[in-house]
Amino acid sequence: MQFEELVEKLVHRMQEGTFIQGTISQPRYKSEGLQKVKLKPVEIKKEVHIQFEYHYERILKHENIKVADIQPALQQLLEQFKQMQAEFTDEKAHIQLTKKFKVSWKAEKATSTKTVDLSHNRKKNYLLDDATPYPFLIRLGVQSAEGKVKKQKYDKFRQINRFVEFIDDALVHLPKDRPVRILDFGSGKSYLTFALYHYLHIEKGLDIRVTGLDLKKEVIEECNVIAKDLGYDQLEFLVGDINDYNDETAVDMVVTLHACDVATDMALARAVKWGAEVILSVPCCQHELFSQVQSPALDVMLQHGLIKERFSALATDSIRAELLTLVGYDAQLLEFIDMEHTPKNILIRGFKTGKSPSAEAIGKYEAFRDLLNAKPFLERALKDAGYLS
Ligand SMILES: C[S@@+](CC[C@H](N)C(=O)[O-])C[C@H]1O[C@@H](n2cnc3c(N)ncnc32)[C@H](O)[C@@H]1O
């Protein structure tokens with residue numbers, strides 16, 4: 001089979017609706033950094049799209065392309081790889097591309113005909129179902145008494161669901177032989193705190209003890225009343241500043257959702273200090289680096305306020321991930337939620353490895369920091385605590 005025929009065949013199968021999912025792997029050019037791409041059909045605003053999930057070494061990105069316009073993107077992608085596994089309603093294909101783009105297509109017939117279920121694909125993303133009434137979501141005003149998610153709360157519902165998905169993925173890193181200690185810093189109204197308690201304790205039956213911490217006294221009082229009413233006896237809320245919170249010696253998982261500015265850094269520093277196995281943190285507004293960043297080499301970008309703001313935010317999260325790596329975490333920056341729903345769409349994920357950093361990694365970080373003239377809060381906090389020299 002020729003390369004053009006392969007592209008045509010795949011496009012045809014995607015457009016006729018018999019493509020279930022696929023993975024394109026084995027890059028031809030390692031330098032590109034893209035390791036594999038997963039494809040699946042999804043329905044967005046009543047139109048079928050193919051979702052491309054790009055796997056880089058430490059980053060995951062998504063792109064949805066209308067199935068009607070899929071040809072150029074698919075062709076361009078296949079040109080960069082040597083292998084594809086594709087599942088269709090009637091067969092599974094193992095596709096191999098040679099150096100000279102000759103194609104081998106080996107298919108295995110499906111024992112029974114499978115169906116492409118777009119609604120299932122969508123629903124799978126929601127660990128909390130949007131049609132089931134959950135007492136905590138009703139109390140928090142996200143759902144009506146009948147369990148319908150309120151229109152103005154849908155973004156919040158989507159965010160907590162996505163966060164719970166990340167928590168679910170991290171479960172293998174948490175201890176199984178004792179209660180799991182979890183801290184939610186800057187918990188605010190605590191949609192996430194309640195959701196994770198519900199999911200991990202009520203649905204999964206895990207033995208957990210959860211604390212939400214926030215500066216706002218009234219909000220915390222209200223959260224404690226709700227927790228008590230719901231009988232969530234291993235969930236407590238405390239008033240306090242993250243930076244002064246010293247009540248713990250060991251915590252297994254630290255989460256934050258939109259903790260303002262350097263409050264995220266405070267939480268990351270605490271998590272490192274406690275040796276948390278899992279860190280999941282979606283940062284919020286970032287001001288620290290914006291006021292520091294200065295670099296003649298980047299003037300062309302930084303002269304524009306808007307670019308400077310976005311650049312500072314991205315650089316801040318890159319610095320955070322790098323610092324976590326330097327203190328023994330496998331740190332990744334992942335897409336939290338589609339840009340169309342919130343611009344605050346990066347999640348920092350850290351799994352503890354305890355690995356010491358190489359001199360090269362330290363040098364790379366320092367060069368980046370110095371290029372920007374940055375003096376990151378997190379670096380200072382980690383140095384003060386003796387984790388960095
Ligand atoms: C944007 S809200 C997010 C609340 C919640 N996590 C959510 O996503 O709904 C940020 C919260 O962080 C809290 N916060 C900011 N700095 C803090 C600090 N130093 N210590 C404790 N809480 C802090 C604020 O009071 C606020 O409730």
Side-chain angles (χ1 to χ4, degrees), residues 20-21 38 40-44 51 53 60 62 64 117-144 146-151 153-176 179-184 187-210 212 223 226-227 230-232 234-235 252-258 277-282 332 334-338 340-342 344-351:
I20 295 178
Q21 50 132 345
K38 290 189 172 184
K40 67 175 181 184
V42 288
E43 195 180 72
I44 301 167
Q51 182 173 84
E53 188 177 88
L60 204 64
H62 292 91
N64 299 315
D117 185 353
L118 300 170
S119 61
H120 168 73
N121 272 348
R122 253 182 14 163
K123 207 160 185 168
K124 205 168 70 174
N125 290 332
Y126 288 147
L127 289 177
L128 300 173
D129 180 2
D130 62 355
T132 304
Y134 296 102
F136 76 96
L137 284 180
I138 296 171
R139 273 303 292 268
L140 294 173
V142 175
Q143 286 181 321
S144 66
E146 298 75 41
K148 197 165 167 12
V149 176
K150 294 179 187 167
K151 213 168 165 209
K153 292 286 182 191
Y154 217 92
D155 277 351
K156 208 34 145 186
F157 178 74
R158 202 179 273 117
Q159 283 173 24
I160 54 177
N161 243 309
R162 183 82 174 122
F163 209 113
V164 169
E165 242 183 83
F166 280 106
I167 289 173
D168 194 56
D169 286 345
L171 286 182
V172 286
H173 297 267
L174 295 173
K176 287 162 195 69
V180 179
R181 186 77 183 99
I182 303 172
L183 249 297
D184 180 357
S187 52
K189 283 196 164 179
S190 304
Y191 302 101
L192 172 66
T193 340
F194 280 102
L196 79 85
Y197 188 88
H198 167 86
Y199 183 71
L200 293 179
H201 185 63
I202 315 270
E203 291 207 6
K204 296 235 129 193
L206 295 187
D207 188 1
I208 55 174
R209 200 154 78 74
V210 183
C223 289
I226 298 176
L230 295 171
Y232 288 3
Q234 293 302 312
L235 172 62
D252 301 301
M253 176 159 77
V254 169
V255 301
T256 73
L257 177 55
H258 300 153
E277 292 296 331
V278 177
I279 299 172
L280 296 172
S281 174
V282 177
Q332 296 179 310
L334 304 168
E335 187 174 66
F336 175 52
I337 229 121
D338 289 352
E340 66 179 289
H341 300 300
T342 169
K344 301 170 193 170
N345 78 332
I346 288 181
L347 177 135
I348 303 168
R349 180 168 74 181
F351 294 138

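Below, all heavy atoms of this structure are taken into account, side chains as well, without hydrogens, waters or symmetry copies.
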Review point. Around Lys176, counting heavy atoms of other residues, nucleotides and ligands shown, do more than 12 lie under 6.0 Å from its NZ?
Key: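 Counting other residues, nucleotides and ligands, NZ of Lys176 exceeds 12 neighbours.
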Check your understanding: Is atom NZ of Lys150 surrounded by more than 12 heavy atoms (other residues, nucleotides or ligands) closer than 6.0 Å?
Key ->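 Yes, NZ of Lys150 has more than 12 neighbouring heavy atoms, counting only those of other groups under 6.0 Å.
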Review point. Under the side-chain hydrogen bond (donor to acceptor under 3.5 Å, both in side chains) test, which residues partner Arg139, sequence neighbours left out?
Key: Asp229
Which heavy atom of [X] sits nearest to which heavy atom of [Y], and what is that distance?
| X | Y | value |
| --- | --- | --- |
| Ile20 | Pro41 | O-CD, 3.0 Å |
| Phe166 | Arg349 | CD2-NH1, 4.2 Å |
| Gln234 | Tyr197 | N-OH, 3.2 Å |
| Thr256 | Phe163 | O-CE1, 3.4 Å |
| Ile138 | Ser144 | CG1-O, 3.5 Å |

Working to the nearest 0.5 Å, report the span between [atom1] of [X] and [atom2] of [Y].
| X | Y | atom1 | atom2 | result |
| --- | --- | --- | --- | --- |
| Glu53 | Gln21 | CD | CD | 11.0 Å |
| Arg209 | Arg181 | CZ | CZ | 4.0 Å |
| Lys156 | Leu137 | NZ | CG | 12.0 Å |
| Leu196 | Ile167 | CG | CD1 | 4.5 Å |
| Leu347 | Leu334 | CG | CG | 6.0 Å |
| Leu174 | Leu206 | CG | CG | 8.0 Å |

If we only count heavy atoms from C-beta on, is the [X] to [Y] side-chain gap below 4.5 Å?
| X | Y | result |
| --- | --- | --- |
| Tyr134 | Asp129 | yes |
| Lys204 | Asp168 | yes |
| Phe336 | Ile346 | no |
| Asp252 | Ile208 | no |
| Lys153 | Tyr191 | yes |

Point to revise | Phe157/Tyr154 aromatic ring centres below 6.0 Å | key: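 Phe157 vs Tyr154: aromatic centres under 6.0 Å.
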Practice item. Using the side-chain contact (heavy atoms from CB on, under 4.5 Å) rule, take His258 and Val282 through it: C-alpha gap first, then chi angles, then the decisive distance, then the call. Key: CA-CA 6 Å; His258 300 153; Val282 177; 3.6 Å; yes
Check your understanding: How about Ser187 and Asp184: does a side-chain donor come under 3.5 Å of a side-chain acceptor?
Key ->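 No.
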**Study point:** Single hit among Ile160, Val255, Leu235 for side chain to side chain contact (heavy atoms under 4.5 Å, CB included) with Thr193
**Key:** Leu235
Check your understanding: ring-ring contact (aromatic ring centres under 6.0 Å, His included) with Phe136: which residues, sequence neighbours excluded?
Key -> His198
Exercise for review: Using atom types as modelled and distance alone, determine if a side-chain donor or acceptor of Gln143 lies under 3.5 Å from a backbone N or O of Thr132.
Suggested key: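 Checking the backbone N and O of Thr132 against the side chain of Gln143, a donor-acceptor pair under 3.5 Å is found.
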